[in-house]
Amino acid sequence: TGTESGASREMILTILKKYGRAPLSKIARDVSHQMSKRELTEHLETLIQAGMVKEYIQHDKVFLRLVPEAERTGKK
């Protein structure tokens, strides 16, 4: 449901707040008890499209980082 989706996205954001940036594999491990890889991918796509999370590749690994609100809104 929408509430469950929101809670799942909040869980992902909380993990990224904790780590700052993290490999996708670490996030997948951390949420594996709550959601499938497919669900994680769908939630991450939503967060990336919303500009809340950035995905990048470093040393052949996919990393994610939380985009600070100031960066999202252009405010300092």
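Any value given below was found using the heavy atoms of this structure, including those in side chains, with hydrogens, waters and symmetry copies removed. Treat the numbers as computed from the prediction; the structure is a model and nothing was measured.
Hydrophobic clustering (side-chain heavy atoms under 4.5 Å, transitive across Ile, Leu, Val, Met, Phe, Trp, Tyr) keeps Tyr19 apart from Phe63.
Side-chain contact annotation: Arg21 with Tyr56, donor-acceptor N/O pair under 3.5 Å present.
Rounding to the nearest 0.5 angstrom, the gap separating the CG atom in Leu40 from the CZ atom in Arg38 is 11.0 Å. Rounding to the nearest 0.5 angstrom, the gap separating the CG atom in Leu24 from the NZ atom in Lys37 is 4.0 Å. Separation of atoms NZ (Lys17) and CD1 (Ile15) is listed at 11.5 Å; rounding is to 0.5 Å. Atom OG of Ser8 sits about 5.5 Å away from atom CE of Met11, to the nearest 0.5 Å. To the nearest 0.5 Å, the span separating CD on Glu4 from CZ on Arg9 amounts to 11.5 Å. Summarising the geometry, atom OG1 belonging to Thr41 is positioned 10.5 Å from atom CE belonging to Met35; distances are rounded to the nearest 0.5 Å.
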Exercise for review: Please assess Lys54 against Leu64 for the test side-chain contact (heavy atoms from CB on, under 4.5 Å), listing each intermediate value before the final yes or no.
Suggested key: CA-CA 6 Å; Lys54 284 227 191 247; Leu64 298 161; over 6 Å; no
Practice item. For Arg65 and Glu71, run salt bridge (Lys or Arg N to Asp or Glu O under 4.0 Å): C-alpha distance rounded to whole Å, both residues' side-chain angles, the deciding distance at 0.1 Å, then the answer. Key: CA-CA 12 Å; Arg65 75 170 177 90; Glu71 188 177 324; 3.0 Å; yes
Review point. Is there a side-chain contact (heavy atoms from CB on, under 4.5 Å) between Lys26 and Asp30 once you walk through the steps?
Key: CA-CA 6 Å; Lys26 175 132 182 72; Asp30 284 4; 3.8 Å; yes
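Put simply, the side chain of Val53 reaches to within 4.5 Å of the side chain of Leu13, judged on heavy atoms. Side chains of Ile12 and His43 form a contact here, defined as non-hydrogen atoms less than 4.5 Å apart.
Surrounding NE2 of His33 are more than 12 heavy atoms belonging to other residues, nucleotides or ligands, all under 6.0 Å away.
Val67 approaches Gly51 most closely through the heavy-atom pair CB-O, 3.4 Å.
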